[in-house]
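I have placed the structure first, in the form of structure tokens, so that the comments after it can refer back to it.
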Number of protein chains: 2
Amino acid sequence: MSTAELPQPHRTADVRRPTLNAVAARAGVGRGTVSRVINGSPKVSDRSRAAVEQAIAELGYVPNRAARSLVTRRTDSVALVVPDAENRLFSEPYFSEIIRGVSAGLAGAGMQLLLVLARDESEYARLAAYLSAQRVDGVLMMAVHSDDTLPDRLDELAVPTVLAGRRSDTERLGHVRADNRGGSRVAVEHLLAGGRRTIATITGPMDMDVARERLDGYREALERAGLAVDADLIASGDFTEEGGRAAMRALLRRRPGLDAVFAASDVMASGAVLELRAAGRRVPGDVALVGFDDSIVARHIDPPLTSVRQPLAEMGRTMASLLLDEIAHRGTGHRAVVLPTELVVRQSA
Amino acid sequence: MSTAELPQPHRTADVRRPTLNAVAARAGVGRGTVSRVINGSPKVSDRSRAAVEQAIAELGYVPNRAARSLVTRRTDSVALVVPDAENRLFSEPYFSEIIRGVSAGLAGAGMQLLLVLARDESEYARLAAYLSAQRVDGVLMMAVHSDDTLPDRLDELAVPTVLAGRRSDTERLGHVRADNRGGSRVAVEHLLAGGRRTIATITGPMDMDVARERLDGYREALERAGLAVDADLIASGDFTEEGGRAAMRALLRRRPGLDAVFAASDVMASGAVLELRAAGRRVPGDVALVGFDDSIVARHIDPPLTSVRQPLAEMGRTMASLLLDEIAHRGTGHRAVVLPTELVVRQSA
DNA sequence: ATGCCGCGTGGGAGCGGTCCCACGGGGTGA
DNA sequence: TCACCCCGTGGGACCGCTCCCACGCGGCAT
């Protein structure tokens with residue numbers, strides 16, 4: 001590592017920005033009037049409003065957030081909490097797309113987005129106090145585990161909270177999720193439509209709601225087609241590539257005759273592909289494969305992977321709007337929103 | 001999309017949190033003393049300190065950020081600005097790893113991280129005023145274009161600013177970057193060591209410093225090896241997969257005899273692989289290939305890609321510490337830090 | 001002309017901290 | 001014993017905003 005001093009440019013001293021008082025003086029009105037103009041109150045004459053707006057423009061005035069926040073007891077900011085252990089997910093489009101959606105949904109409301117990565121357990125434990133100390137008006141949480149009680153604590157502390165995904169099917173907090181079950185069903189139906197009949201599935205960890213839902217979708221599709229669900233065709237992975245390989249190996253051992261696989265994530269599918277190739281099976285010739293997430297790897301593995309896409313940006317936007325809702329009308333009750341998925345057909349099935 | 005009302009739980013009314021005054025009363029001391037304890041001043045007797053700490057614990061007191069910020073003129077938060085047009089990068093480990101590093105580097109200092117995605121030009125234009133209005137103590141910027149003047153404006157406004165990467169080799173602002181030139185040189189030296197002699201390169205857009213640096217590294221390696229630099233072996237891409245394909249196509253046309261390619265990004269390398277395969281060349285048998293970034297696709301394309309890894313998390317941490325430095329000692333001058341890269345050898349070369 | 005209404009307005013109070021000045025009391029040196 | 005110092009301390013004065021009360025004034029009904 002090398003470090004270099006850069007040529008030092010001019011550096012203005014601690015610039016004091018104009019206050020609301022200065023604007024009032026310049027516009028020849030009282031502080032109250034300026035405040036009203038800034039906050040869009042209708043009870044201001046056109047003349048005053050014009051004068052104030054001109055003064056604001058001339059001075060380049062921007063309200064001091066801290067001062068406002070102190071009296072309104074709002075911060076106009078929300079936190080996005082991401083357990084940092086989930087860095088795996090972080091590098092997927094999942095996080096970034098949702099964040100973009102959240103950001104877009106928040107921007108219109110003039111809300112700031114605070115990114116909080118909880119590195120370890122102890123840090124995570126402090127979070128409830130931290131977040132409730134009027135630091136944020138609301139909290140968005142991603143990748144919440146089934147046994148996580150932080151959301152409940154926030155709820156008890158009256159901090160508006162919205163989750164990405166739900167912890168279980170008895171989730172009481174507001175949340176947004178994709179139609180995992182429906183998406184999986186469509187994926188498997190696609191395999192059935194391609195003439196496949198011995199369709200296996202690689203599931204995620206069964207203590208996660210997404211994993212259970214995606215397995216349910218698989219079952220539903222088979223049942224609707226009048227096919228029996230064979231337990232030997234179900235192997236569990238852990239959403240990692242290695243887990244996908246191991247599951248695929250197990251499936252090939254138990255049911256060498258399988259002609260299709262539905263993997264509950266693209267990353268596991270990418271592991272499965274390697275294992276299939278190692279076993280001499282061609283994809284999709286011998287075995288068709290469908291993944292879930294439409295992540296980056298889906299486009300880049302060979303063959304490009306047919307996968308189920310979640311409307312990530314829209315999920316983010318919806319999370320933002322649910323949260324803004326909860327903030328605006330506290331006690332309105334929580335809402336759950338399920339968004340439809342879409343099957344992206346590529347060459348693996 | 002479907003929406004559901006969830007059962008409504010209890011909802012406490014606007015909870016008023018204890019103030020510093022309440023702590024003082026409970027501890028039987030003055031406000032000043034409590035403030036001193038909170039801010040770690042040594043001028044407090046052990047007795048008072050103990051009393052205050054107990055009162056804080058009993059009341060669950062947490063200082064009000066807004067109130068503090070109002071008087072100290074600090075916000076204890078920094079913004080991470082990401083031009084949203086760069087969403088492509090966003091989904092790479094690049095962003096997420098740097099963000100993790102930044103977050104880790106900031107956490108120790110009790111700083112908050114504000115994520116600011118600038119969606120379009122107009123939004124981006126407003127950013128300078130927005131950020132300078134004492135909203136943040138400093139700014140971190142990613143993916144800054146060569147012609148971007150926002151950093152300079154921030155600098156003029158005396159807002160401490162640190163960039164990820166530099167705009168050009170005359171960059172005056174503080175920044176952190178990987179040793180792109182050295183990394184590229186090592187990559188090409190690896191190809192040379194493998195016996196390759198006709199080594200092409202696919203560059204990024206030449207108006208980006210990283211692209212220029214990586215090309216320079218390529219040149220350096222050849223020159224050190226006593227080989228001439230052949231302009232026909234240099235094709236420019238744009239850091240996209242399609243750009244990589246097009247560049248590879250051009251290279252094969254101009255120099256069908258090439259036996260190795262150094263692509264300035266993994267994504268371009270992944271495009272190159274497709275084109276090489278289409279042309280019937282085996283990788284690495286006929287043509288060896290090295291990429292840059294060690295991104296997700298590097299591990300997942302076939303064959304797994306040898307690539308140059310940047311120490312992303314450390315870059316983030318370093319950015320944070322440079323920024324904290326600039327905030328603490330304004331006018332100390334800006335610094336540039338270059339971090340070493342590492343060649344990750346896989347099967348493509 | 002007088003009273004009343006309501007709109008637009010000015011400005012005091014206060015949000016919850018930090019800063020700093022002034023003050024009391026114990027120790028030290030003359 | 002007295003003057004001085006220093007340490008720990010309490011509390012007034014803000015920071016820049018919003019909230020809200022009270023007030024002036026023109027228009028309308030009486």
Side-chain angles (χ1 to χ4, degrees), chain A residues 14-53 55-56 59-77 110 112 129 132-137, chain B residues 14-53 55-56 59-77 110 112 129 132-137:
Chain A
D14 184 27
V15 192
R16 203 90 158 197
R17 303 200 54 93
T19 71
L20 177 141
N21 240 316
V23 175
R26 175 155 199 135
V29 300
R31 289 185 351 265
T33 302
V34 177
S35 178
R36 266 165 239 137
V37 170
I38 292 168
N39 294 293
S41 158
K43 325 183 62 146
V44 182
S45 69
D46 291 346
R47 234 171 46 76
S48 299
R49 182 183 308 279
V52 169
E53 280 169 351
I56 288 178
L59 264 38
Y61 169 76
V62 182
N64 182 315
R65 253 187 137 87
R68 172 182 291 174
S69 172
L70 182 56
V71 42
T72 59
R73 314 178 159 287
R74 289 179 293 107
T75 61
D76 289 330
S77 63
Q112 303 198 313
S132 69
Q134 80 269 62
R135 281 199 163 83
V136 291
D137 296 343
Chain B
D14 184 27
V15 191
R16 203 90 159 197
R17 304 200 54 93
T19 71
L20 176 142
N21 239 319
V23 175
R26 177 156 198 133
V29 300
R31 295 190 340 269
T33 301
V34 177
S35 178
R36 264 165 240 139
V37 170
I38 292 170
N39 294 292
S41 158
K43 324 183 64 150
V44 181
S45 69
D46 291 346
R47 233 172 46 74
S48 300
R49 183 182 309 279
V52 169
E53 279 168 353
I56 287 179
L59 263 39
Y61 169 76
V62 182
N64 181 316
R65 253 188 136 86
R68 173 182 290 175
S69 170
L70 183 56
V71 44
T72 59
R73 313 180 157 288
R74 289 180 294 106
T75 60
D76 289 329
S77 65
Q112 304 200 311
S132 70
Q134 79 270 60
R135 282 201 163 82
V136 292
D137 296 343

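None of the values given here were measured: they were computed from a predicted structure. Reminder, nothing fancy here: chain letters follow the sequence lines and each chain counts from 1.
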Contacts satisfying salt bridge (Lys or Arg N to Asp or Glu O under 4.0 Å) that involve residues 38-53 of chain B (not counting sequence neighbours) are none

Tabulated below should be each protein N or O lying under 3.5 Å from an N or O of nucleotides 5-7 of chain D; please produce it.
none

Under the salt bridge (Lys or Arg N to Asp or Glu O under 4.0 Å) rule, collect the residues that match up with A:Arg26, sequence neighbours excluded. A:Glu58

For the pair made of [atom1] in [X] and [atom2] in [N], what is the distance, rounded to whole Å?
X	N	atom1	atom2	result
B:Asn64	C:dG14	CG	C1'	13 Å
A:Asp76	D:dT18	CG	C1'	13 Å
B:Leu20	D:dG12	CG	P	15 Å
A:Arg74	D:dC17	CZ	P	15 Å

Over all heavy atoms of both residues, which pair between A:Ile38 and A:Tyr61 is shortest? Give the atoms and the distance, please. CD1-CE2, 3.5 Å

Locate the shortest heavy-atom distance separating A:Ala66 from B:Ser69; write the atom from each residue and the value. CB-OG, 3.5 Å

DNA chain D nearest-nucleotide lookup for B:Pro42 and B:Val71: closer to the 5′ end is B:Pro42

D:dC15, D:dC17, C:dT18: which one has an atom nearest the side-chain heavy atoms of A:Arg31? D:dC17

Counting side-chain heavy atoms from C-beta on, which of C:dG17, D:dT18, D:dG16 comes nearest to A:Leu70? D:dG16

Just do the side-chain contact (heavy atoms from CB on, under 4.5 Å) check on B:Arg135 and A:Val62 with the steps written out, would you? CA-CA 10 Å; B:Arg135 282 201 163 82; A:Val62 182; 3.4 Å; yes

Inter-residue atom distance B:Asn64.CG - A:Arg73.CZ, 0.5 Å rounding: 8.0 Å

Measuring from B:Leu70:CG to A:Arg68:CZ, what's the distance to the nearest 0.5 Å? 13.0 Å

Residue list, side chain to side chain contact (heavy atoms under 4.5 Å, CB included) with B:Ala27, at least two apart or on another chain: B:Val29, B:Ala51, B:Val52, B:Ala55

With side chains defined as the heavy atoms from C-beta onward, is the minimum distance between B:Ser41 and B:Val37 less than 4.5 Å? no

Please identify each residue that fulfils side chain to side chain donor-acceptor pair (under 3.5 Å) with [X], with sequence neighbours left out.
X	result
A:Asp76	A:Arg74
B:Ser48	B:Ser45
A:Ser77	A:Thr75

What residues 32-40 of chain B contributes to the DNA chain D interface at heavy-atom separation below 4.0 Å is B:Gly32, B:Thr33, B:Arg36

Pick base, sugar-phosphate or nothing for A:Arg68, based on heavy-atom distances below 4.0 Å to the nucleic acid. sugar-phosphate

Is any side-chain N or O of B:Arg65 under 3.5 Å from a base N or O of C:dG16, one able to act as donor and the other as acceptor? no

Bend angle of the helix from C:dA1-D:dT30 to C:dA30-D:dT1, end axes from five pairs each (to 10°): 50°

Nucleic acid contacts of residues 44-52 of chain B, taken as heavy-atom distances under 4.0 Å to DNA chain C: none

Between A:Arg31 (side chain only) and A:Val23 (backbone N and O only), is there a donor and an acceptor less than 3.5 Å apart? no

